[in-house]
Amino acid sequence: MASVPSLASSVNQRVADALASALPDAGASDPLLRRSDRADFQANGILALAKKAKANPRELATTVVEGIDTAGLIQEIEVSGPGFLNITITDRAIVETLAARAADDRLGVPLAAKPGTTVIDYAQPNVAKEMHVGHLRSAVIGAAMVEILEFTGEKVVRRHHIGDWGTQFGMLIQYLMEHPHELDHKAEQGTEVSGEEAMSNLNRLYKASRALFDSDEEFKTRARARVVDLQAGEPETLALWQRFVDESKIYFYSVFNKLDMDIQDPDVIGESGYNDMLVETCKLLEDSGVAVRSNGALCVFFDDVKGQDGNPTPLIVQKSDGGFGYAATDLSAIRDRVGELGASTLLYVVDARQSLHFKMVFETARRAGWLNEDTKAVQLAFGTVLGKDGKPFKTREGETVRLVDLLDEAVDRATAVVREKAEKIGLSEAEIVENGQYVGIGAVKYADLSTSASRDYKFDLDQMVSLTGDTSVYLQYAYARIKSILRKSAEAGDRKPVAHPELELAPAERALGLHLDHFGELIAEAAVEYAPHKVAAYLYQLSSLFATFYEQCPVVKPEPELVVGENRLFLCDLTARTLSKGMSLLGIRTPEKL
């Protein structure tokens with residue numbers, strides 16, 4: 001089905017046509033339409049246009065109003081102040097537009113006019129290291145952007161740039177070579193290995209190898225030699241390195257599974273995936289003059305990047321000892337993603353503390369011609385997760401919080417909340433456990449996504465699983481409540497959700513309807529601005545408007561007139577579908593009973 005034009009876009013077009021007729025020499029003009037408390041919409045663009053044309057803005061506004069085609073859409077237009085237009089939509093137009101949206105699986109949300117290919121780099125844990133609270137935001141924000149972009153028609157390629165290379169592997173591999181059973185599994189053959197067991201093995205081996213590295217000079221020498229073997233691709237060394245990667249993936253995937261995220265093995269391309277490109281990347285940069293040798297290192301300099309001493313701070317692509325830094329890998333990844341994957345956009349969901357690094361990497365790629373007008377790179381920089389005290393989130397002992405522990409506690413808290421209401425709505429123990437997972441993980445995700453990515457936020461589980469306020473639980477309960485209303489109505493059998501455009505709408509029905517109509521424009525805006533928090537804000541407002549509607553407009557009891565009840569059930573149904581779709585774009589489940 002073709003996308004359904006929003007009421008705002010339809011009104012905007014009619015005002016724009018009238019503006020063009022009133023001032024034919026002015027060219028295309030934007031009426032600057034926005035939602036208003038005085039009417040449904042307000043057009044503010046006439047002031048600027050009148051100033052440009054040296055016309056009286058109020059007289060121009062009056063002329064424009066006379067030329068606007070109101071048929072089937074606009075109930076009233078009022079000229080306000082120095083030339084604002086206050087515009088009220090007909091009730092029929094609201095219901096007919098919503099009915100057209102309801103008939104479409106996409107709820108009338110349009111596809112992007114010119115979709116491209118976005119390679120999104122997110123969820124980047126490190127091999128042989130435990131995931132902690134610092135890994136949460138990249139995963140959650142990145143996964144939401146994947147869903148939002150794909151829903152708008154963008155081709156999305158996922159990339160998980162895991163840390164799977166570096167000098168620390170010399171120590172780990174050498175220790176495993178000398179203690180070959182340290183990564184053996186206790187589980188019987190054919191039994192699936194748990195993420196906890198995999199991480200336990202890796203932690204034990206890391207601590208033992210670090211202790212030996214720090215205390216035994218001969219082992220330290222052998223470990224450093226093993227780094228050389230790894231970089232040279234020596235087969236036995238590579239095979240042991242691969243064991244660390246595979247063991248780590250068992251753990252990674254178990255954590256992502258807790259987060260209800262789908263991570264596919266082909267999308268996991270770590271630092272090692274670009275090793276074969278590093279030498280060529282450096283040669284291309286040096287031959288083109290983008291990078292120059294400085295004290296033996298291959299560097300890129302920038303006029304606006306200086307250290308505290310006032311001297312230029314370069315991006316070091318290759319160290320003076322011949323080793324490659326993160327910049328060489330990141331630049332090689334850009335070459336691969338643009339040249340091989342055909343990316344038109346590279347989106348990096350990375351901690352804001354790495355902003356300077358990526359600013360220099362992107363500028364270097366532009367100078368080299370790998371990024372241009374047709375291909376852009378964007379860092380979706382995110383802030384820090386803070387504790388209730390407003391400081392970086394730590395355990396009582398001052399250690400970084402394990403992500404698994406945090407997620408388990410969220411699910412435990414949420415399950416307790418679900419259990420309190422379980423008997424009243426007839427949930428089985430299995431449903432309580434399942435819904436506890438959905439509510440707990442949804443609470444963690446929503447707390448993250450309802451905050452602008454660039455801002456820090458406080459991690460407060462008590463607030464996250466609250467049934468009131470701006471929480472995912474509030475939204476999930478709103479959805480479940482609507483589904484309960486629809487089920488009871490269906491069981492009664494006397495009415496069903498049907499749109500009735502001939503009806504006059506109550507104020508709460510109008511407010512809910514106009515907000516439902518804005519869904520498509522909101523999703524498009526969130527996709528263009530990489531702003532999942534705008535989806536969260538929209539859904540919270542939708543739930544709040546529904547609560548007001550349900551309080552003021554009887555749906556089932558006391559029983560309203562048949563057509564009125566059917567129209568209100570229609571609004572309930574479309575609200576539930578919009579909530580479910582919006583939450584799914586954020587990676588959050590909506591249980592039918594809660």
Side-chain angles (χ1 to χ4, degrees), residues 117-122 124 126 138 157 159-168 227-228 230-231 269-382 454 530:
T117 297
T118 294
V119 177
I120 179 166
D121 191 327
Y122 70 107
Q124 312 106 340
N126 294 309
S138 177
V157 181
R159 278 294 176 266
H160 308 293
H161 192 85
I162 64 172
D164 65 352
W165 205 250
T167 56
Q168 75 274 16
V227 176
V228 177
L230 177 62
Q231 293 173 340
I269 311 290
E271 297 170 36
S272 63
Y274 306 100
N275 283 346
D276 293 343
M277 300 177 68
L278 301 181
V279 172
E280 185 181 26
T281 294
C282 291
K283 186 175 188 305
L284 290 170
L285 292 172
E286 189 168 13
D287 289 350
S288 64
V290 172
V292 296
R293 293 286 169 183
S294 177
N295 297 322
L298 185 63
C299 304
V300 181
F301 289 91
F302 309 87
D303 292 338
D304 59 343
V305 182
K306 293 181 170 62
Q308 292 182 340
D309 58 3
N311 293 322
T313 300
L315 180 71
I316 300 175
V317 183
Q318 188 177 27
K319 303 170 189 175
S320 57
D321 63 4
F324 300 102
Y326 290 121
T329 302
D330 288 334
L331 288 163
S332 296
I334 288 175
R335 288 178 54 213
D336 177 71
R337 293 167 183 182
V338 174
E340 298 300 320
L341 300 179
S344 51
T345 302
L346 304 177
L347 182 62
Y348 292 77
V349 188
V350 184
D351 193 314
R353 289 170 291 189
Q354 297 187 46
S355 293
L356 178 59
H357 168 79
F358 279 100
K359 175 186 175 183
M360 293 193 290
V361 166
F362 295 162
E363 176 58 26
T364 298
R366 277 189 285 271
R367 292 180 187 179
W370 305 329
L371 296 175
N372 50 47
E373 291 181 358
D374 299 322
T375 308
K376 64 178 180 178
V378 179
Q379 182 192 358
L380 205 178
F382 57 81
S454 61
Y530 307 123

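Looking at Phe324 and Asn275, their side chains never come closer than 4.5 Å, going by heavy atoms from C-beta outward. Inter-residue side-chain proximity for Val300 and Pro314 is flagged as unmet; no heavy-atom pair is nearer than 4.5 Å. Asp351 is listed as a side-chain neighbour of Phe382, based on a closest heavy-atom distance under 4.5 Å. Side-chain contact between Phe362 and Gln379: present, with at least one pair of heavy atoms (C-beta onward) separated by less than 4.5 Å. No side-chain heavy atom of Leu380 sits less than 4.5 Å from a side-chain heavy atom of Tyr122. A 4.5 Å side-chain heavy-atom check between Tyr274 and Ile269 finds at least one atom pair inside the cut-off. Residues Thr329 and Met277 are not in side-chain contact: their nearest non-hydrogen atoms beyond the backbone lie 4.5 Å or more apart. Using a 4.5 Å cut-off on side-chain heavy atoms (C-beta onward), Ile334 and Tyr348 make contact.
Legend: residues meeting side-chain contact (heavy atoms from CB on, under 4.5 Å) with Gln124, ordered by chain and number and at least two apart, are Asp121, Ser138, His161, Val350.
Of the possible polar contacts, one joining the Lys306 side chain to the Asp303 backbone as a donor-acceptor pair under 3.5 Å is found. In terms of modelled atom types and a separation under 3.5 Å, the side chain of Ser332 and the main chain of Ala328 share a donor-acceptor contact.
Residue Phe358 places its CZ atom among more than 12 non-hydrogen atoms of other residues, nucleotides or ligands, all under 6.0 Å distant. Summarising the local packing, CG of Asp309 is surrounded by more than 12 heavy atoms from other residues, nucleotides or ligands at distances under 6.0 Å. Dense packing is recorded around CG of Asp321, with more than 12 heavy atoms of other residues, nucleotides or ligands lying under 6.0 Å away. The 12-atom threshold is exceeded at CZ of Arg293, counting heavy atoms of other residues, nucleotides or ligands nearer than 6.0 Å.
Between atom CG of residue Leu315 and atom OG1 of residue Thr364 there is a gap of 5.0 Å, rounded to the nearest 0.5 Å. Between Glu280 atom CD and Leu285 atom CG the span is 10.5 Å, to the nearest 0.5 Å. Annotation: the span from Thr313 atom OG1 to Met360 atom CE amounts to 7.0 Å, rounded to 0.5 Å. The distance from atom CG of Asp164 to atom CD of Glu271, rounded to the nearest 0.5 Å, is 6.0 Å.
Using a 4.0 Å cut-off between charged side-chain N and carboxylate O, Arg159 and Asp336 make no salt bridge. Glu363 and Arg366 are joined by a salt bridge, as a carboxylate oxygen and a charged side-chain nitrogen come within less than 4.0 angstrom of each other.
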I would like to know whether Val227 and Gln168 meet side chain to side chain contact (heavy atoms under 4.5 Å, CB included); could you show each step before the answer? CA-CA 8 Å; Val227 176; Gln168 75 274 16; over 6 Å; no

Exercise. Let me see the working for Trp165 and Leu230 under side chain to side chain contact (heavy atoms under 4.5 Å, CB included), right down to the final yes or no.
Key: CA-CA 9 Å; Trp165 205 250; Leu230 177 62; 3.6 Å; yes

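What you find for Thr375 and Ala343 is that their closest heavy atoms are CG2-O, 3.4 Å. The minimum heavy-atom distance between Ala381 and Ala352, with the atom names listed, is CB-CA, 3.8 Å. Of all non-hydrogen atoms in Arg367 and Phe301, the two that sit nearest each other are NH1-O, 2.9 Å. Asp374 approaches Asn372 most closely through the heavy-atom pair N-OD1, 2.8 Å. Between Asn295 and Ser320, the shortest heavy-atom distance links the atoms O-CB, 3.6 Å.
With Val157 as the fixed residue, the side-chain contact (heavy atoms from CB on, under 4.5 Å) test singles out one of Leu346, Thr117, Thr118: Thr117.
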